[in-house]
Each structure stands twice: as structure tokens, then as C-alpha cells.
Amino acid sequence: MNKLYIGNVSAEASEEDFETIFEQWKIPHSGPFLVKTGYAFVDCPDEKAAMKAIDVLSGKVELHGKVLEVEHSVPKRQRSCKLQIRNIPPHMQWEVLDGMLAQYGAVESCEQVNTDTETAVVNVRYAAKDQARL
């Protein structure tokens, strides 16, 4: 999945603004930015580019007075059951992480995302929305 959701977007934001930001941070994208009121979408050519956008931009880059939130775009039916956990220390044992996640409900899947960072990133899918919310 290489489509990104960009949230907390100012009403003044334009496709050109996002082009400039992605160019400034040397983040490749494949296709135009779809800018709506309050949010935008863009496709990245691969997972590496998508993760770079999330790591570099989310919560760190401001556009027209609003700090952008960048994350993987998730279909509506999966939105509440799936989450991403970042900055997992390299020394953490996977059994410990599994145990922590299981405290909140039935984990259907837990997949590590490849990144260029020293910390790990995982995508987790719970069986129910309320479990993921916890």
C-alpha cells in the first residue's frame, strides 16, 4: 500500500504547495495530489518513499499555519481495525511486543514495514474496531 493520506490540511493549501513540499524534502510521488477540504491524497512509487514521507513530514511540517499529518491511506472498512506503530526500539523482542498488543484484543496480523531507520515500524490489524481503538 503506497497511497498516503495527508490530514490537517488548510483550506488555502493547493496541489502546488504539496508539490513544493515533496520536492523540497526529495520525496518521490507517482501521480498528482488530490486536494480536498481538510485533507489530501497522493500515491508514492514504493513503500520506502511512503515511509520517508510519513517520517519526515507527519507532525513536523507546517503548511498555511497547520501541521500536516501523514499516514498510509486505509480503506474505510479497515480504517478503525488497523494501526501503525513506529519508533519501536531495535532491542525490543518481538515476543514482548506481541504480548503488549494482545492485551488489547485479538491481533489478526502484525507485519513489520521495511524502513531505512534504526527503529522498527509495524502495521497491526485487530479483529474489532474497539480493540484497535484501545
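Note that the structure is predicted; figures quoted are calculated from it, not measured.
- Legend: salt bridge (charged side-chain N to carboxylate O under 4.0 Å, His left out) pairs involving residues 91-110, not counting sequence neighbours, sorted by first then second residue: E108-R125.
- Between the side chains of N123 and E111, not a single donor N or O lies within less than 3.5 Å of an accepting N or O.
- With contacts defined as side-chain heavy-atom distances shorter than 4.5 Å, the pair Q84/I54 qualifies.
- Shown here is M92, whose CE atom has more than 12 heavy atoms of other residues, nucleotides or ligands within 6.0 Å.
- Take D43 and apply the salt bridge (charged side-chain N to carboxylate O under 4.0 Å, His left out) test, not counting sequence neighbours, and it matches K3.
- Residue W25 places its CH2 atom among 12 or fewer non-hydrogen atoms of other residues, nucleotides or ligands, all under 6.0 Å distant.
- Counting non-hydrogen atoms of other residues, nucleotides and ligands closer than 6.0 Å to CD of E118 gives a total of 12 or fewer.
- Between L4 atom CG and H72 atom NE2 the span is 6.5 Å, to the nearest 0.5 Å.
- By the criterion of side-chain heavy atoms lying less than 4.5 angstrom apart, applied directly or through intervening Ile, Leu, Val, Met, Phe, Trp or Tyr residues, V107 is grouped together with I88 in one hydrophobic cluster.
- Judged by distance alone, with hydrogens and angles left aside, the side-chain atoms of Y126 form a donor-acceptor pair with the main-chain N or O of L101 at under 3.5 Å.
- Looking only at atom types and distance, the side chain of E23 has no donor-acceptor partner in the side chain of H29 under 3.5 Å away.
- The hydrophobic clustering, which links ILVMFWY residues whose side-chain heavy atoms are closer than 4.5 Å, places V67 and F22 apart.
- Taking 4.5 Å as the limit, some side-chain heavy atom of Y5 sits within range of a side-chain heavy atom of F41.
- From K48, atom NZ reaches atom CG of N2 across 13.0 Å, with rounding to the nearest 0.5 Å.
- Within 6.0 Å of the CD atom in Q93, the count of heavy atoms belonging to other residues, nucleotides or ligands does not exceed 12.
- Hydrophobic clustering of Ile, Leu, Val, Met, Phe, Trp and Tyr side chains at less than 4.5 Å, counting indirect connections, unites V113 with V42.
- Cluster annotation: W94 and V124 are assigned to the same hydrophobic cluster (Ile/Leu/Val/Met/Phe/Trp/Tyr, side-chain heavy-atom contacts under 4.5 Å, transitive).
- Atoms CG and NZ, from D55 and K52 in turn, are 10.5 Å apart once rounded to the nearest 0.5 Å.
- Here the closest heavy-atom approach between residue A128 and residue C81 is recorded as C-SG, 3.8 Å.
- Distance check: L57 CG to I27 CD1 gives 4.0 Å after rounding to the nearest 0.5 Å.
- Using a 4.5 Å cut-off between side-chain heavy atoms of Ile, Leu, Val, Met, Phe, Trp and Tyr, with links allowed through other members, L63 and Y39 fall into different hydrophobic clusters.
- Atom CD1 in I6 sits 10.5 Å away from atom OG in S73 (nearest 0.5 Å).
- In this structure, CG on L68 lies 9.5 Å from CG on D17, to the nearest 0.5 angstrom.
- Among all heavy-atom pairs drawn from V9 and A40, the shortest one is CG2-N, 4.2 Å.
- When every heavy atom of P28 is checked against every heavy atom of A49, the shortest pair comes out as CG-CB, 3.7 Å.
- Other residues, nucleotides and ligands place more than 12 heavy atoms under 6.0 Å from the NZ atom of K66.
- Within the 3.5 Å criterion, the main-chain N or O of V70 finds a donor-acceptor partner in the side chain of S58.
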